[in-house]
Q: 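Dumping the structure here so I can ask a few things about it.
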Amino acid sequence: MTTATETNYKVADLSLAAEGRLLIDWAESRMPVLMKLRKKFEKTKPLAGQRITGCLHVTKETAVLIRTLKAAGAEVAWSGCNPLSTHDAVAAALAEEGIGIYAWYGQNTEEFYWSIDRTLDQKPTLTLDDGADLIFRVHNTHPELFEGIIGGSEETTTGVHRLRAMADDGKLEYPVIAVNDAETKWDFDNVYGTGQSTLDGILRATSVLLAGKNLVVAGYGHCGKGCAMRAKGMGANVIATEVKPTAALKATLEGVRVLAMDEAAKEGDVFITATGMKDVLVKRHFDSMKDGAVVCNTGHYDCEINIEDLKSLTVSTREMRDNCVEYTLNDGRRIYVLADGRLVNLAAAEGHPSEVMDMSFANQFQAMMMLAEKGVELGKGVHELPEELDQQIAGIKLESMGIQIDELTAEQISYATDYSQGT
Ligand code: ARJ
């Protein structure tokens, strides 16, 4: 097992470790599913012999996952998957606990890839991604590692889309489990997690009143829907923009006004992009926005708001508060960009609450277990976790909340599949 030396980690400030440990302990007290898995597997150590390289936001919740992987016997090396999402205190605590962690807040692109490369020095048997940057790095610059890699997992929608495209082109060289596609991930993390943490990020960065504001959500997928639902609850007038007819129809029937962005741009006070697509807000939109509009993104990549376009209209900028920059345009209007257009929920707040990450990361843990058991057998390509696992995870979660549910009787079970009876 590795120990913390200056040669196997790089963090901002090791003296923050005590603060980081408190944060991680706090998260552990709210992540009963993952803690149950830890307790179950720390004795048998089914991940012994596995070297797991992870590239996922370094938060207190991720630290609970890392500790659990380690308790189950794995050797773990880690980097953050976004330059602005690392919690330095958590990174320091992990370094002290012997994790090969290379992560600090405010990395530039070169440091970001340098960190990934350091975590690959351990020659992983398993990779764990959020956004697929690690898998891309292995494929593009470290093909010699394929031989030793059993498989990988992917946390988020955007990453899964890209990996499916890669698999369709026959370019994905090992099995990858789409953790995002587990119901106990996307139907909770993406909706309730994003809903709460995105508003949390906006409020920490601005402290604006949401009641009575026109809040535009670009993209009415699971994340957009979560933001819309919570913003509505706080009294905002929510407007959604979409490109997909069924999603626009859902928004409409859920009481959310749908407009084309060209129109929404003129009405919005606060904008959240949640599309996974680039150039959702471009020059012509900034051109028509109100003075004082607040603009932010909660999608995985920072390409949804075209900041270069905004800059081309800008005469001066001021950093008003943490994660909030004022752009004064040539006609005097001011537009406020949060967290440089990067994921506002992780850059300006703490990401999704521990309670919801509990289920997402229980799925990550199970994905590592499944790969360790039968990885190569799965074959190259994108795979899903078995449905029974969703029910198990949800069952443990309910139990931890003291909520009981009913069971079908034998008669009900046979009724469900009985096609001899009609009305
Ligand atoms: C770690 C987090 C947190 C958090 O599961 C979420 C997802 O799909 C991501 C897209 O990058 C972010 C990830 N996420 C949200 N909150 N990861 N810790 N607290």
Side-chain angles (χ1 to χ4, degrees), residues 20 23-24 26-28 30-31 33-34 54-69 78-91 93-94 101 103 105 112 128-135 153-163 177-201 204 219 221-227 272-276 297-304 339 341-365 367 393:
L23 288 165
I24 304 170
W26 172 258
E28 283 187 348
R30 269 135 222 290
M31 300 179 81
V33 183
L34 207 47
C55 177
L56 191 150
H57 309 288
V58 178
T59 64
K60 58 191 186 305
E61 291 76 24
T62 302
V64 180
L65 170 63
I66 293 174
R67 280 184 178 176
T68 307
L69 294 168
W78 213 267
S79 71
C81 67
N82 185 291
L84 295 188
S85 67
T86 294
H87 206 306
D88 285 327
V90 171
L94 289 170
I101 181 151
Y105 182 89
F112 180 84
L128 191 156
D129 253 288
D130 178 344
D133 280 326
L134 173 61
I135 292 182
S153 67
E154 169 54 47
E155 170 82 2
T156 205
T157 319
T158 313
V160 169
H161 281 164
R162 297 195 173 191
L163 291 167
I177 295 183
V179 168
N180 181 73
D181 295 3
E183 191 180 350
T184 43
K185 199 285 183 181
W186 66 263
D187 215 5
F188 297 88
D189 173 312
N190 302 18
V191 183
Y192 310 101
T194 309
Q196 179 164 326
S197 63
T198 303
L199 294 197
D200 187 9
R204 291 195 205 194
H222 303 118
C223 297
K225 181 183 159 144
C227 295
I272 303 170
T273 56
T275 67
N297 165 54
T298 198
H300 182 80
Y301 291 114
D302 64 341
C303 57
E304 305 204 17
R342 295 194 184 272
L343 299 128
V344 72
N345 57 344
L346 279 138
E350 293 171 62
H352 304 352
S354 312
E355 290 87 340
V356 84
M357 294 314 294
D358 188 22
M359 294 194 285
S360 309
F361 286 164
N363 281 297
Q364 280 289 3
F365 182 84
I393 290 175

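Just follow the structure's listing: the first ligand is 1, and inside any ligand the first atom is 1. In what follows, every heavy atom counts, from backbone to side chain, and hydrogens, waters and symmetry copies are set aside. The first residue in the sequence is number 1, and the count goes up from there.
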Q: Mark yes or no for whether N363, through its side chain, and V179, through its backbone, hold a donor-acceptor pair below 3.5 Å.
A: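 Not confirmed, N363 side chain does not pair with V179 backbone.
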Q: Under 4.0 Å from a heavy atom of K185: which atoms of ligand 1 are those, numbered in the order shown and with their elements?
A: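 Numbered from 1, ligand 1 contributes 5 (O), 7 (C), 8 (O).
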Q: Output yes when R204 and D200 qualify as a salt bridge under the 4.0 Å nitrogen-oxygen rule, no when they do not.
A: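 Yes, this pair counts.
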Q: Would you say N190 has any N or O atom under 3.5 Å from an N or O of ligand 1, going by distance alone?
A: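 No; every N/O pair is 3.5 Å or more apart.
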Q: Which protein non-hydrogen atom lies closest to atom 4 (C) of ligand 1, naming both residue and atom, and how far is it?
A: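 Result: T59 OG1, 3.6 Å.
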Q: Select one of side chain, backbone, both or neither to describe which atoms of F361 lie under 4.0 Å from any atom of ligand 1, heavy atoms only.
A: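 Within the 4.0 Å criterion, F361 contacts ligand 1 through side-chain atoms alone.
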Q: Does the side chain of H87 come under 3.5 Å of the side chain of T59 through a donor N or O and an acceptor N or O?
A: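 Note: H87 and T59 side chains miss the donor-acceptor criterion.
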Q: Below 4.0 angstrom from a heavy atom of G351, which ligand 1 atoms are there? Numbered from 1 as shown, please.
A: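 Checking each atom against G351, I get 16 (N), 19 (N).
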Q: If you measure from the Lys or Arg side-chain nitrogens to the Asp or Glu carboxylate oxygens, is any gap between E154 and R162 under 4.0 Å?
A: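 Salt bridge flag = no for R162 with E154.
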Q: Please identify which atoms of ligand 1 are closer than 4.0 Å to at least one heavy atom of H300.
A: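 So the answer, numbered in order with elements, is 10 (C), 11 (O).
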Q: Do W78 and L94 have side chains that approach each other closer than 4.5 Å (heavy atoms only, starting at C-beta)?
A: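 Not touching, per the 4.5 Å side-chain cut-off.
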Q: Any idea which atoms of ligand 1 are less than 4.0 Å away from a heavy-atom of E350?
A: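 It comes down to these atoms of ligand 1: 19 (N).
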Q: Which pair of heavy atoms, one from G341 and one from N297, lies closest together, and at what distance?
A: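 It is O-ND2, 3.1 Å.
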Q: Measure the distance from atom 16 (N) of ligand 1 to every protein heavy atom, then report the residue, atom name and distance (to 0.1 Å) of the closest one.
A: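 That would be H352 N, 2.8 Å.
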Q: In terms of residue, atom name and distance, what is the protein heavy atom nearest to atom 14 (N) of ligand 1?
A: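 Minimum-distance protein heavy atom for atom 14 (N) of ligand 1 reads M357 CE, 3.8 Å.
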Q: What protein heavy atom is closest to atom 19 (N) of ligand 1, reported as residue, atom name and distance in Å?
A: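 The answer is E61 OE1, 2.9 Å.
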Q: Closest approach of I393 and A362, non-hydrogen atoms and distance?
A: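 The pair with the smallest heavy-atom distance is CD1-CB, 3.9 Å.
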Q: Would you mind listing which atoms of ligand 1 come within a distance below 4.0 Å of any non-hydrogen atom of T156?
A: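 Checking each atom against T156, I get 7 (C), 8 (O), 9 (C), 10 (C).
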Q: Is the closest N or O pair between D189 and ligand 1 shorter than 3.5 Å?
A: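 In this structure, D189 places an N or O atom under 3.5 Å from an N or O of ligand 1.
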Q: Considering non-hydrogen atoms only, spot the tightest contact between E304 and G299 and give its length.
A: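 Nearest heavy atoms, E304 then G299: OE2-CA, 3.5 Å.
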Q: Looking only at side chains, do N180 and N190 share a donor and an acceptor under 3.5 Å apart?
A: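 Yes - a donor-acceptor pair under 3.5 Å links their side chains.
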Q: Do D130 and H300 come close enough that some side-chain heavy atom pair is under 4.5 Å?
A: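 Yes, close enough: below the 4.5 Å cut-off.
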Q: Among all protein heavy atoms, pick the one closest to atom 9 (C) of ligand 1 and tell me residue, atom and distance.
A: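 The protein heavy atom lying closest is D130 OD2, 3.2 Å.
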Q: Are T194 and N345 close enough that a side-chain donor and a side-chain acceptor fall under 3.5 Å?
A: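 Absent: no donor and acceptor within the cut-off.
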Q: Between L346 and ligand 1, find which residue part has any heavy-atom pair under 4.0 Å and reply side chain, backbone, both or neither.
A: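 It is the side chain that touches ligand 1; the backbone stays farther off.
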Q: Is K60 close enough to touch ligand 1? Criterion: a residue heavy atom under 4.0 Å from a ligand atom.
A: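 The answer is no: ligand 1 sits nowhere under 4.0 Å from a heavy atom of K60.
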Q: Are any of the N or O atoms of N345 closer than 3.5 Å to those of ligand 1?
A: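 It does not: no N or O of N345 is found under 3.5 Å from an N or O of ligand 1.
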Q: Below 4.0 angstrom from a heavy atom of T62, which ligand 1 atoms are there? Numbered from 1 as shown, please.
A: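 Checking each atom against T62, I get 1 (C), 18 (N).
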